[in-house]
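Reading through the structure tokens given below for one structure.
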Protein chains: 2
Amino acid sequence: MPNKKPSGNPAPLKPADFDEALERYREYLKRKKLLFTRERIAILEEVMARHDHFSVEELHDSLKANGKKVSRATLYRNLDSLKEAGILAEVDLGNRHVQYEHVLGHRQHFHIICEETSEIIEDDSVEVEKAVEILARKHGFDVSRIKLQIFGTKRRK
Amino acid sequence: MPNKKPSGNPAPLKPADFDEALERYREYLKRKKLLFTRERIAILEEVMARHDHFSVEELHDSLKANGKKVSRATLYRNLDSLKEAGILAEVDLGNRHVQYEHVLGHRQHFHIICEETSEIIEDDSVEVEKAVEILARKHGFDVSRIKLQIFGTKRRK
DNA sequence: GGCTTCTTCGAGATTGAATCTCGATTGGAC
DNA sequence: GTCCAATCGAGATTCAATCTCGAAGAAGCC
């Protein structure tokens, strides 16, 4: 059964991304001496099949819809490990819910959020990355992740 | 994970800041046809007296400690209005709790967060701001607020 | 001041995401 | 296959945030 998603964008799932994620996750689990369970694979599959932002609740629903019953507790537990493995990232979109997006197969990107329409644009910028890098280095920091949200309003022509 | 206090430039409390905030808040309330109540003043005082990051719960506690009893509901209601008035801002520090900081009398700044120690450094960067501005303009956006969190680890010498 | 009207407040109930508990299940090493 | 620690699930629990609605209070008017 396909994904129950609004605006039926048929999520261009590139199998290569999933394979890479699987490989990375497997290594992570081995390194951490964690087991490789069917539930963890199911969650990974679902996470990689989604190319938009999603909440835990939405993920839980689509797992169920795809016949993969995974309890809420398990979901929360393993989202954390996927985050640690660098496969998943939290996104702050200015509302009050934690949302996620997968990182593998997507380039680093930032969020531009319209305060009037809640429209969200994703883009990246080498210049921003460079400037952030310099700022961090000034304080002796090695950057591992940048979260940037730009709030504003879209100019109408 | 408990939060460490931010280090870096600790902002001095200038009474002028409070006066400016009061004036701005008063104007905001008038514009929105909202009343000027003792509770709102009490909350504003407490917010402006704090120069670190705080949770709603902490604010509630220190209000109580200072003999200003304000109910939780009132606090939440009015934090929203302080946010709208441009006096207060939410901060995302990577943990799961919403935290606040006041903006008036502080320059725009970004957060650099150590993933090992939870140490938080605040700083700003004209270069970052410029690069963000350019990125936003590319999409026809006028920037009103930038939230930037840099996660990383502190290099040890 | 006192009167009136409408906003705001507070105490407690409610919600709902996130976490915890603990007996049942399962992965994987042997 | 056997064994045992890691993991799972269902339901209970927690706790920040929100909602409800009668009481209290601000501000305009006289």
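Just so it is clear: chains get the letters A, B, ... in the order the sequence lines come, proteins before strands, and each one is counted from 1. Here the structure is a predicted model, which is why all the values come from computation and not from measurement.
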*asked:* Expected output is a numbered-order residue list: members of residues 63-78 of chain B with a heavy atom under 4.0 Å from any atom of DNA chain C. What is it?
replied: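 Those residues whose heavy atoms fall under 4.0 Å from DNA chain C, taken from residues 63-78 of chain B in numerical order, are Lys69(B), Val70(B), Ser71(B), Ala73(B), Thr74(B), Arg77(B), Asn78(B).
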
Near DNA chain C, counting only heavy atoms under 4.0 Å, which residues of residues 21-35 of chain B show up?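 Only Leu34(B), Leu35(B) qualify.
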
Take the protein atom [atom1] of [X] and the nucleotide atom [atom2] of [N], then report the distance between them rounded to whole Å.
| X | N | atom1 | atom2 | value |
| --- | --- | --- | --- | --- |
| Gln99(B) | dA16(D) | CD | P | 12 Å |
| His60(B) | dG10(C) | NE2 | P | 9 Å |
| Glu90(B) | dA16(D) | CD | P | 16 Å |
| Leu79(B) | dA16(D) | CG | P | 14 Å |
| Glu39(B) | dT7(C) | CD | P | 17 Å |

5' precedence on DNA chain D between Thr37(B) and Glu57(B) (nearest-nucleotide basis) =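 Residue closer to the 5' terminus by nearest nucleotide: Glu57(B).
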
Are Arg31(B) and Glu27(B) ion-paired here, with the side-chain N under 4.0 Å from a carboxylate O?
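Glu27(B) and Arg31(B): not salt-bridged.
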
Looking at Glu127(B) and Lys130(A), does any basic side-chain N land under 4.0 Å from a carboxylate oxygen?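 No salt bridge links Glu127(B) with Lys130(A).
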
Check whether any side-chain N or O of Ser55(B) sits under 4.0 Å from OP1 or OP2 of dA16(D), and answer yes or no.
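For dA16(D), neither OP1 nor OP2 has a side-chain N or O of Ser55(B) closer than 4.0 Å.
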
Is [X] reaching over with its side chain to a backbone N or O of [Y], donor-acceptor style, under 3.5 angstrom?
| X | Y | answer |
| --- | --- | --- |
| His109(B) | Arg107(B) | yes |
| Arg145(B) | Ile150(A) | no |
| His60(A) | Val70(A) | yes |

- Message: Grouping I, L, V, M, F, W and Y whenever their side-chain heavy atoms are under 4.5 Å apart, do Tyr28(A) and Val103(A) come out in a common cluster?
- Response: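 No, because Tyr28(A) and Val103(A) fall into different hydrophobic clusters, even though each may have its own neighbours under 4.5 Å.
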
For Glu46(A), which of Lys69(A), Lys68(A), Lys64(A) qualifies under salt bridge (Lys or Arg N to Asp or Glu O under 4.0 Å)?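 One option only clears the test, and that one is Lys68(A).
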
Could you check which of dG25(D), dG9(D), dG28(C) has an atom nearest any side-chain atom of Arg38(B)?
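Ranking dG25(D), dG9(D), dG28(C) by closest atom to the Arg38(B) side chain puts dG25(D) first.
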
Taking atom types as modelled, is there a side-chain donor on Thr153(A) or Glu116(A) under 3.5 Å from an acceptor on the other?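 Per modelled atom types, Thr153(A) and Glu116(A) side chains form no pair under 3.5 Å.
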
### Query
Between His53(A) and His102(A), does a ring pair (Phe, Tyr, Trp, His ring centres under 6.0 Å) hold up when you go through it step by step?
CA-CA 8 Å; His53(A) 306 122; His102(A) 76 251; over 10 Å; no

